[in-house]
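Written below as structure tokens is the structure these notes are about.
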Amino acid sequence: MKIDLSHMVTESRNPASANIDALNTEEMLRVINAEDKKVPFAVELTLPAIAESVDIIAAAFRKSGRLIYMGAGTSGRLGILDASECPPTYGSDPSQVVGLIAGGHKAILKAVENAEDNLELGAQDLKDIHFSHDDVLVGIAASGRTPYVLGGMEYATSIGAKVISLSCNPVSPMTDAADIAITPIVGAEVVTGSSRMKAGTAQKLVLNMLTTGAMIKTGKVYGNLMVDVEATNAKLVERQKSIVMAATECDRATAEAALNACNGHCKTAIVMILTQSDAQQATELLNQSNGFTRAAINTPSK
């Protein structure tokens with residue numbers, strides 16, 4: 001299959017870096033840094049599409065649906081990175097956000113030849129994880145034309161699931177195939193075609209927003225505190241105590257006692273302290289409030 005790269009913004013040459021190989025080290029880095037500064041502004045222009053996507057993902061979460069990322073190469077790795085960071089940050093089930101990469105697990109560390117060009121593989125990978133119409137698919141590809149991702153998007157659409165695309169070219173097959181297209185146009189890369197740079201940075205920013213926004217909208221954050229954080233190491237045990245202290249303005253001993261009483265669940269400890277209830281009562285308040293800490297605290301006592 002012949003691929004025409006001439007019309008892709010992500011494959012165009014950047015005049016700002018045309019002589020980058022002749023610059024000294026600091027000058028070279030200033031060129032890279034100047035280009036990187038353009039990324040958040042490109043992402044800003046896509047905020048309406050990101051917001052719409054967050055609402056769709058949060059609605060899926062509330063109905064026990066999943067968020068599935070799908071990409072090849074850098075795009076696939078970024079999806080896996082974002083997915084893998086949700087459970088320790090938000091105490092979410094590892095199956096709630098899943099990253100798929102063309103070529104499977106071994107492709108995380110090393111490119112798998114021709115995997116991204118396999119249209120059928122994208123659909124099969126979704127079938128293998130029992131992807132359903134209750135789930136949301138986010139296809140990620142800087143080019144907007146990766147066959148593996150397009151195959152997954154086509155399958156997801158065929159079974160009635162919501163499909164979102166994240167790409168960095170203004171016109172692409174992925175944009176056409178998506179219900180919502182998130183398209184930060186970051187321009188030509190410093191090294192021509194090296195889309196792990198500005199395009200990859202833009203993708204990382206957007207993925208951060210998708211999961212962070214959806215987790216906030218499903219009660220995983222109180223104020224700006226990650227109140228469902230899992231204490232899987234010594235640092236996170238201390239973070240839990242700090243979170244409870246910050247949320248309730250209590251002392252360390254009170255925070256520790258509350259966490260011990262509720263098996264180390266920040267959210268429950270916070271509600272216990274602020275409503276002067278025990279662990280069982282706090283759990284009931286949270287259940288009545290669908291897991292939202294602020295609502296649980298403001299629930300009238302019976």
Side-chain angles (χ1 to χ4, degrees), residues 43 46 49-105 107-108 122-123 125-141 146 148-149 152-153 155-157 159 161-167 174 178-182 200-222 224-232 236 266-267 290-292:
V43 171
T46 71
I50 297 172
E52 188 178 356
S53 300
V54 166
D55 287 339
I56 286 173
I57 294 165
F61 284 173
R62 286 190 285 269
K63 297 178 180 178
S64 300
R66 299 172 294 172
L67 168 60
I68 309 299
Y69 291 136
M70 171 170 276
T74 296
S75 297
R77 295 181 192 105
L78 287 170
I80 289 169
L81 174 63
D82 194 68
S84 68
E85 291 176 342
C86 289
T89 306
Y90 298 111
S92 58
D93 190 293
S95 67
Q96 187 178 47
V97 184
V98 176
L100 299 176
I101 186 170
H105 187 269
I108 298 172
D125 280 357
L126 289 180
K127 293 175 184 177
D128 288 345
I129 63 166
H130 307 292
F131 185 88
S132 80
H133 67 274
D134 294 323
D135 301 324
V136 177
L137 178 66
V138 176
I140 314 167
T146 303
Y148 170 78
V149 179
M153 292 174 68
Y155 174 73
T157 297
I159 63 170
K162 289 292 185 180
V163 177
I164 299 163
S165 69
L166 172 53
S167 63
M174 280 175 52
D179 295 306
I180 304 171
I182 303 171
T201 301
Q203 290 172 335
K204 180 68 167 71
L205 292 176
V206 172
L207 297 180
N208 283 349
M209 289 184 183
L210 293 180
T211 45
T212 301
M215 293 298 176
I216 291 171
K217 292 183 74 69
T218 51
K220 297 290 187 176
V221 174
Y222 172 54
N224 60 358
L225 301 171
M226 52 176 84
V227 290
D228 266 335
V229 63
E230 288 188 344
T232 56
L236 294 179
C266 268
K267 188 184 288 186
N290 297 316
F292 284 84

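None of the values given here were measured: they were computed from a predicted structure.
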According to side-chain contact (heavy atoms from CB on, under 4.5 Å), who are the partners of T46, at least two apart in sequence or on a separate chain?
V43, I50, I182, P184
Any residue meeting side-chain contact (heavy atoms from CB on, under 4.5 Å) with Q96, in chain and number order, not counting sequence neighbours
F61, S92, M215
All pairs passing salt bridge (Lys or Arg N to Asp or Glu O under 4.0 Å) where residues 211-221 contributes a residue, at least two apart:
D55-K217, K220-D228
Looking at every heavy atom in both L81 and S84, which two are closest together, and how far apart are they?
O-OG, 2.9 Å
Heavy-atom closest pair, residues V97 and T211
CG1-CG2, 4.2 Å
Residue among L210, V206, L78 satisfying side-chain contact (heavy atoms from CB on, under 4.5 Å) with L166:
V206
With sequence neighbours excluded, tell me which residues meet side-chain hydrogen bond (donor to acceptor under 3.5 Å, both in side chains) with S64.
none
Which residue pairs satisfy the salt bridge (Lys or Arg N to Asp or Glu O under 4.0 Å) criterion with at least one member in residues 61-76, sequence neighbours excluded?
R66-D135
Table please: side-chain donor-acceptor pairs of residues 126-134 below 3.5 Å, with sequence neighbours left out.
from: D128; atom 1: OD1; to: Q124; atom 2: NE2; distance (Å): 2.8
from: S132; atom 1: OG; to: D134; atom 2: N; distance (Å): 3.1

Straight-line distance of D125 CG to L100 CG, nearest 0.5 Å
5.5 Å
Looking at C266 and V229, what are the two nearest heavy atoms and their distance?
SG-CG1, 4.2 Å
Counting N and O atoms only, with roles assigned by atom type, does the side chain of K267 sit under 3.5 Å from a partner on the main chain of G219, one being a donor and the other an acceptor?
yes
Specify the closest pair of heavy atoms between V54 and G213, including all atoms of both residues, with the distance to one decimal.
CG1-C, 3.5 Å
Which residues pass the side-chain hydrogen bond (donor to acceptor under 3.5 Å, both in side chains) test with N290, sequence neighbours left out?
none
For the residue pair I57 and A214, what are the closest heavy atoms and their distance?
CG2-CB, 3.7 Å
Who passes side-chain contact (heavy atoms from CB on, under 4.5 Å) against A181, sequence neighbours left out?
S165, T175, T183
Spacing of OG1 belonging to T74 relative to CD1 belonging to I140, to within rounding of 0.5 Å
11.0 Å
When rounded to the nearest 0.5 angstrom, what is the spacing between CD1 in I108 and NE2 in H105?
4.0 Å
What pair of heavy atoms forms the shortest contact from A83 to G99, and how long is it?
CB-N, 3.7 Å
With T146, which residues qualify under side-chain contact (heavy atoms from CB on, under 4.5 Å), at least two apart?
A72, E116, A141, S143, Y148, V149
Roughly how far, to the nearest 0.5 Å, is CD of Q203 from CG of N208?
12.0 Å
Let me confirm one number: the CG-SG distance from D93 to C86, rounded to the nearest 0.5 Å.
11.5 Å
Distance col, row I80:CD1 vs E85:CD, nearest 0.5 angstrom, shows 12.0 Å
